[in-house]
Number of protein chains: 4
Amino acid sequence: MSDEQNNSQIGGIAAEALRQFIERIERLEEEKKALAADIKDVYSQAKSQGFDTKIMRKIVSLRRLEDQEREETEQLLDLYKAALGMA
Amino acid sequence: MSDEQNNSQIGGIAAEALRQFIERIERLEEEKKALAADIKDVYSQAKSQGFDTKIMRKIVSLRRLEDQEREETEQLLDLYKAALGMA
Amino acid sequence: MSDEQNNSQIGGIAAEALRQFIERIERLEEEKKALAADIKDVYSQAKSQGFDTKIMRKIVSLRRLEDQEREETEQLLDLYKAALGMA
Amino acid sequence: MSDEQNNSQIGGIAAEALRQFIERIERLEEEKKALAADIKDVYSQAKSQGFDTKIMRKIVSLRRLEDQEREETEQLLDLYKAALGMA
DNA sequence: CTGCCATTTTACCGGC
DNA sequence: GCCGGTAAAATGGCAG
């Protein structure tokens, strides 16, 4: 009996479903990890061209924060509009 | 003059290069964020089917650790080989 | 009035309690720093006796990983037990 | 044959020396880890008494920085003295 | 002095 | 909605 089939013997069909969820998650995490490596590469390239990566990181995080604020502001505006029947 | 072109007036050509690095990083981070959301979704689906996400997370982290250990072992072997002139 | 007593004048009794927490933390960090120096020394000694510290560090980190894995496995078992009402 | 003696069969007496270095390091790291846990505990206690641990951490790091500066200043003074024959 | 690794800080997620 | 614990980002320290 193969390993794959073995799994489903333990908890019935549920074990197989679990295994598939786990595998999907692991695949997604692999991709996420790859992207993290890509980002690291970009910083390395920038560094090799004389840019200060610490400052770059600050810029990126600042812009991320600004985006957040903008979104929150918009959501707040939507809320106000809805409250005033301007939806 | 457009805003985009404005940037490159500050520090010469370097500013434009910097802008491109930042944008590449931000695009990659967007993708990473999307993957994180996907992973979260998978956990949600699993939960809605009655699986214990806490256990699932432990399983995932345990398997990740096993991978790491395997990698470290290989790296250690490589170091041994290099140290013994078997490169 | 002494400096030590001055502190407690600022925010009432809380300031004194805070001061004591901070001092305890600083003492503990001192000890931690000393241990880090000790570890560094051991590596230095080993190196002076011809050992490859890079390999040594890999060994140490590998064993640390193994410990972690063992702990995670136990935690996973505990979770299983709890989930099955075997707590 | 015991495990301990086995080790020394691989690379002669060196293997035993290596083993002892590794063990010393691991013991020291254990202690370091324990101290880290102690520090975490102190922060927890402080938190449970209503203190803001984030601010406390800032205080601790600021004081650490001040200590560093003071030491560096003293070292600089010593250097000047030595240069002026005031050692 | 540069890259790498450990530590530390920050953010996130789930549970209560 | 907070709080505790877990993963990611950022910083600092060390060896080469």
Side-chain angles (χ1 to χ4, degrees), chain A residues 25 28-29 32-33 35-37 39-41 43-48 50-62 64-65 68, chain B residues 25 28-29 32-33 35-44 46-48 51-62 64-65 68 71-72 75 79 82, chain C residues 25 29 32-33 35-37 39-44 46-48 51-62 64-65 68 71-72 75-76 79 82-83, chain D residues 25 28-29 32-33 35-37 39-41 43-45 47-48 50 52-62 64-65 68:
Chain A
I25 290 165
L28 292 167
E29 291 203 338
K32 194 148 76 80
K33 194 177 160 189
L35 281 172
I39 292 170
K40 203 179 149 193
D41 278 358
Y43 277 117
S44 291
Q45 286 178 244
K47 188 192 182 88
S48 74
F51 291 106
D52 183 325
T53 57
K54 193 173 171 182
I55 290 177
M56 286 179 67
R57 285 174 196 277
K58 281 269 180 253
I59 292 172
V60 170
S61 82
L62 271 179
R64 188 163 36 207
L65 226 65
Q68 250 180 264
Chain B
I25 289 165
L28 292 167
E29 292 203 338
K32 195 148 76 78
K33 195 177 159 189
L35 282 172
D38 289 348
I39 291 169
K40 202 182 150 188
D41 278 358
V42 178
Y43 278 116
S44 291
K47 188 192 182 78
S48 75
F51 291 106
D52 183 327
T53 57
K54 195 171 173 184
I55 289 179
M56 287 179 67
R57 283 173 195 280
K58 264 282 175 262
I59 292 172
V60 170
S61 84
L62 182 55
R64 186 165 37 210
L65 227 58
Q68 262 182 259
E71 281 171 30
E72 292 260 310
Q75 285 172 15
L79 278 182
Chain C
I25 289 164
E29 291 202 339
K32 192 148 78 80
K33 195 177 160 189
L35 282 173
I39 291 169
K40 204 179 147 189
D41 277 358
V42 179
Y43 277 116
S44 291
K47 188 191 181 79
S48 74
F51 291 106
D52 184 327
T53 56
K54 195 172 172 184
I55 289 178
M56 287 179 66
R57 285 175 194 278
K58 264 278 176 265
I59 293 172
V60 171
S61 83
L62 182 56
R64 185 164 38 208
L65 227 57
Q68 263 182 256
E71 280 171 30
E72 291 258 310
Q75 286 172 14
L76 186 56
L79 280 180
Chain D
I25 290 165
L28 291 167
E29 291 202 340
K32 193 150 76 81
K33 195 177 159 189
L35 281 173
I39 291 169
K40 205 181 150 193
D41 278 357
Y43 278 116
S44 291
Q45 285 177 243
K47 186 193 183 87
S48 74
D52 183 326
T53 57
K54 194 172 171 183
I55 290 177
M56 286 179 68
R57 285 174 195 277
K58 282 269 181 254
I59 292 172
V60 170
S61 82
L62 271 177
R64 186 163 39 207
L65 228 63
Q68 253 180 260

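For the numbers below, each heavy atom of this structure counts, side chains included, while hydrogens, waters and symmetry mates do not. Each chain gets a letter, A, B and so on, in the order the sequences are listed, and its residues count up from 1.
To the nearest 0.5 angstrom, E72(B) atom CD is 10.0 Å from L65(B) atom CG. To the nearest 0.5 Å, atoms NZ (K32(A)) and CD1 (I39(B)) are separated by 5.0 Å.
Rounded to whole angstrom, the span from the NZ atom of K32(A) across to the C1' atom of dA9(F) amounts to 12 Å. Between the NZ atom of K58(A) and the C1' atom of dA9(F) there is a distance of 11 Å, given to the nearest Å. Distance E29(D) CD to dA6(E) C1': 10 Å, rounded to the nearest Å. One interatomic measurement links the two molecules: CG of L65(C) to P of dC5(E), which rounds to 13 Å at whole-angstrom precision. dT6(F) atom P lies 11 Å from atom CD of E71(C), rounded to whole Å. Taking atom CE on M56(B) and atom P on dG15(E), their separation rounds to 12 Å, with Å as the unit. A straight line from CD1 of I55(D) to P of dT9(E) spans 14 Å, rounded to a whole angstrom. Between Q68(C) atom CD and dA7(F) atom P there is a gap of 11 Å when expressed in whole angstrom units.
Listed by chain and number, the residues in a side-chain hydrogen bond (donor to acceptor under 3.5 Å, both in side chains) with Q68(B) amount to none (sequence neighbours excluded). S44(A) is linked by a side chain to side chain contact (heavy atoms under 4.5 Å, CB included) to nothing, counting only residues two or more places apart in sequence or in another chain. Looking at residues two or more places apart in sequence or on another chain, you find no salt bridge (charged side-chain N to carboxylate O under 4.0 Å, His left out) involving E71(C). For K47(B), the side chain to side chain contact (heavy atoms under 4.5 Å, CB included) partners are T53(B), not counting sequence neighbours. Here Y43(C) pairs with nothing under the ring pair (Phe, Tyr, Trp, His ring centres under 6.0 Å) rule; sequence neighbours left out. For E29(C), the side-chain hydrogen bond (donor to acceptor under 3.5 Å, both in side chains) partners are R64(D), not counting sequence neighbours.
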Output a table of donor-acceptor pairs, distance under 3.5 Å, between side-chain atoms of residues 55-62 of chain A and any protein atom two or more places apart or on a different chain; print 'none' if there are none.
{"from": "S61(A)", "atom 1": "OG", "to": "K58(A)", "atom 2": "O", "distance (Å)": "3.2"}

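For the pair Q75(C) and I39(A), nearest-nucleotide mapping onto DNA chain F gives the more 5' position to Q75(C).
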Report, one pair per line, the protein and nucleotides 14-16 of chain F atoms (nitrogen or oxygen only) whose separation is under 3.5 Å.
{"from": "dG16(F)", "atom 1": "OP1", "to": "T53(C)", "atom 2": "OG1", "distance (Å)": "3.0"}
{"from": "dG16(F)", "atom 1": "OP2", "to": "K47(C)", "atom 2": "NZ", "distance (Å)": "3.0"}

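With dT8(E), dA10(F), dA6(E) as the candidates, the nucleotide lying closest to the side chain of R64(A) is dA10(F).
Secondary-structure annotation of DNA chain E gives the stems E:1-16 with F:1-16, with a stem taken as at least 3 successive Watson-Crick or G-U pairs whose two distances both fall under 3.5 Å.
Using a 4.0 Å cut-off, no side-chain N or O of K33(B) falls inside it from OP1 or OP2 of dC12(E).
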